[in-house]
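Report on the following structure.
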Amino acid sequence: MAETSTSSRSSSFGYSSSGSPISNLAQDHLFTILLRLPADSILCFAMTCKKFRALAASDSLWESICRRDWGPKSVEALIASNFGLQQLPWMRLYKQVSRVDSVYCRKLSDPDGGLGFPCPRASHSLNFVSGCLVLFGGGCEGGRHLDDTWVAYIGNDFRRMLKWQKINSGIPSGRFGHSCVVIDDFLVMFGGINDSGGRHNDTWVGQVACHESLGVTLSWKPLVVGSNAPSQRGALAACCIDGRKMVIHGGIGLHGVRLCDTWVLELSENFRFGTWYEIRTHPCPPARSGHTLTCIGGTRTVLFGGRGLRYDVLNDVWFLDICDDNPKWVQVRYELQNVPGGVSLPRVGHSATLMLGGHLLICGGEDSYRHRKNDFWILDINAAPSITMQQPTTLNSMQVSVKRWKRLKANGYKPKCRSFHRACTDNSGRYLFVSGGMMDGLLQPADPAGLRFDSELLLVELVLR
């Protein structure tokens with residue numbers, strides 16, 4: 001950052017008689033002002049004169065902008081990954097991330113390689129925490145649940161084949177369709193279904209530790225939450241907000257009833273106690289299961305898709321911000337036929353993950369005809385704050401659909417069509433890990449009896465040219 005200018009001011013207003021007031025501001029003051037502007041405004045500002053052009057293109061300014069827009073954790077993780085991105089000018093990197101149009105896929109696992117490996121499964125949980133991937137539970141062939149936990153240390157080397165380590169703990173009990181989110185360096189898990197059809201509403205906290213002698217360990221403990229808690233359910237959606245809270249929505253409750261309620265879990269500082277409370281709003285998303293709920297920064301979340309009450313597959317998008325005492329769901333309406341790339345967006349059992357640059361990456365899932373997908377879509381939520389301040393009826397559906405949705409090209413390894421897989425990102429948000437899922441059978445692809453389960457682990461990388 002430039003040092004403060006000591007040039008004299010002859011005018012009583014604090015600037016010289018020649019030039020505009022802003023041209024006489026010290027560079028560190030201009031730097032501070034620019035950091036309050038969106039990136040497009042900074043680029044326009046740079047076109048006004050040579051002095052501003054040099055400042056607005058400085059590497060230190062754009063590194064600060066990257067930290068502002070992507071978060072310091074993402075930027076530090078990008079630097080630590082040591083794949084040459086830190087050698088690019090930050091301004092160029094910012095532009096590449098904002099214009100990303102493709103992903104590169106590769107296999108990170110070899111289930112037939114003779115090493116210990118998680119068996120094929122779906123509706124499990126997959127999280128990146130403390131430099132490790134953690135996989136728990138899920139359902140497998142025959143409608144049976146699994147109760148095993150697997151960990152694989154990654155660190156900063158995302159592209160190597162992984163070595164899984166099985167952890168035998170016996171708790172929590174076996175289940176599928178549960179939710180598990182990362183809060184600080186802890187895992188917080190809720191709900192799920194067992195192979196007898198029983199639903200859970202218990203809450204667990206897991207902690208990963210790395211030891212030189214023991215390798216990676218994971219310990220689970222039940223969270224004390226009191227009597228006020230969400231009802232039993234599975235196939236729900238959940239995410240972490242504000243760095244300290246867990247939000248859940250919907251799912252399949254007792255007797256197969258789909259739910260539409262929203263709950264927030266507040267955790268104590270020591271992660272031993274928690275308090276659940278329900279958010280009641282009108283309107284709210286209709287009841288559903290197999291949908292996604294993703295935090296897009298702070299206390300803001302976005303909900304997409306799922307299966308509704310009539311077993312129809314949904315394609316609606318809802319935003320929720322619970323930062324104040326008046327949380328409100330707002331639906332963003334769009335016309336499906338105006339989405340670039342066709343009509344393949346309604347889906348259930350997909351994944352929706354916030355990536356580097358504020359891109360919500362949606363992959364896989366299945367439609368109303370049980371056709372499974374292997375495509376990648378971006379839902380651009382950078383304008384979410386302005387959208388959530390408007391009434392749904394005032395939105396231009398044509399503009400929203402064209403600007404928000406973009407289908408990405410997929411290069412490298414061709415992933416299988418899958419649904420009810422699980423996905424998570426590394427700390428940078430550039431790398432997405434995709435695990436397991438249900439596949440089409442070899443004989444009857446659209447018949448539930450023809451289903452098979454997958455055990456692959458994929459790495460999906462945002463391509464930055």
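Throughout, numbering of the chain's residues begins at 1 and tracks the sequence. The structure displayed is predicted, hence computed values, not measured ones.
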Exercise. Could Asp375 and Arg347 be called an ion pair, given the rule that one side-chain N must be under 4.0 Å from one carboxylate O?
Worked result: yes

Problem set entry | Ser435-His421 side chain donor-acceptor pair, cut-off 3.5 Å | no

Exercise. Taking the side chain from Arg244 and the backbone from Ile241, do they hold a donor-acceptor pair closer than 3.5 Å?
Worked result: no

Exercise. Will you find, in the side chains of His350 and Thr292, an N or O donor that is under 3.5 Å from an N or O acceptor?
Worked result: yes

Exercise. Got a second to check how far Phe117's CZ is from Trp164's CH2, nearest 0.5 Å?
Worked result: 7.0 Å

Exercise. Can you tell me how far CG of Asn315 sits from OG of Ser368, rounded to the nearest 0.5 angstrom?
Worked result: 9.0 Å

Exercise. Got a donor-acceptor contact below 3.5 angstrom from the Arg258 side chain to the Gly256 backbone?
Worked result: no

Exercise. Between the main-chain N or O of Ala77 and the side-chain N or O of Asn427, is there a donor-acceptor pair closer than 3.5 Å?
Worked result: no

Problem set entry | Name of the residue among Asn194, Asp195, Asp202 meeting side chain to side chain donor-acceptor pair (under 3.5 Å) with Arg175 | Asp202

Problem set entry | Euclidean distance, Tyr153 OH relative to Gln165 CD, rounded to 0.5 Å | 13.0 Å

Problem set entry | Glu456 side chain to Tyr413 side chain, donor-acceptor N/O pair below 3.5 angstrom | yes

Seminar exercise, completed: Closest non-hydrogen atoms of Pro118 and Ser455, given as atom of the first, atom of the second and distance, are O-CB, 3.6 Å

For this session: Kindly give the heavy-atom pair with the smallest separation between Phe190 and Pro230, and that separation in Å.
Result: CZ-CB, 3.7 Å

Exercise. Does a donor on one side chain sit under 3.5 Å from an acceptor on the other, for His291 and His249?
Worked result: yes

Exercise. Which atoms form the tightest heavy-atom contact between Leu146 and Pro120, and what is the distance?
Worked result: CD1-O, 4.4 Å

Exercise. Is the backbone of His124 close enough, under 3.5 Å, to the side chain of Arg422 for a donor and an acceptor to pair up by distance?
Worked result: yes

For this session: For Asp426 and Tyr431, indicate whether the former's side chain and the latter's backbone hold a donor-acceptor pair under 3.5 Å.
Result: yes

For this session: Look only at the side chain of Arg144 and the backbone of Cys140, and say whether a donor-acceptor pair between them is shorter than 3.5 Å.
Result: no

Exercise. Can Asp321 and Lys328 be counted as an ion pair, charged N to O under 4.0 angstrom?
Worked result: no

Exercise. Are the aromatic ring centres of Phe376 and Trp405 under 6.0 angstrom apart?
Worked result: no

Problem set entry | Minimum heavy-atom distance Thr149-Leu218, with the two atoms named | CG2-CD2, 3.3 Å

Seminar exercise, completed: Test side-chain contact (heavy atoms from CB on, under 4.5 Å), reference Val348, set Glu366, Arg370, Arg288, output is Glu366

For this session: Keeping the roles fixed (side chain from Arg307, backbone from Tyr311), state whether a donor-acceptor pair exists under 3.5 Å.
Result: yes

Problem set entry | Tyr94 ring center near Trp70 ring center (under 6.0 Å) | yes

Exercise. Any donor-acceptor pair under 3.5 Å linking the side chain of Ser428 with the backbone of Arg430?
Worked result: yes

Exercise. Taking the side chain from Asn127 and the backbone from Cys180, do they hold a donor-acceptor pair closer than 3.5 Å?
Worked result: yes

For this session: Determine the minimum heavy-atom distance between Val434 and Cys363, stating which atoms define it.
Result: CG2-SG, 4.5 Å

For this session: Determine whether the side chains of Asp242 and Thr299 contain a donor N or O and an acceptor N or O closer than 3.5 Å.
Result: no

Exercise. Is it true that Arg407 and Asp101 make a salt bridge, defined as a side-chain N closer than 4.0 Å to a carboxylate O?
Worked result: no

Problem set entry | Verdict with reasoning, Thr294 to Thr353, per side chain to side chain contact (heavy atoms under 4.5 Å, CB included) | CA-CA 7 Å; Thr294 312; Thr353 316; 5.8 Å; no

Exercise. Is the Phe433 ring parallel, tilted or perpendicular to the Phe128 ring (thresholds 30°, 60°)?
Worked result: parallel

Problem set entry | Gap separating the CG atom of Asn228 from the CD atom of Glu278, nearest 0.5 angstrom | 8.5 Å

For this session: Look at the side chain of Arg36 and the backbone N and O of Leu34, then say whether any donor-acceptor pair between them is shorter than 3.5 Å.
Result: no

Exercise. Between Phe186 and Trp220, does the ring centre distance come in under 6.0 Å?
Worked result: no

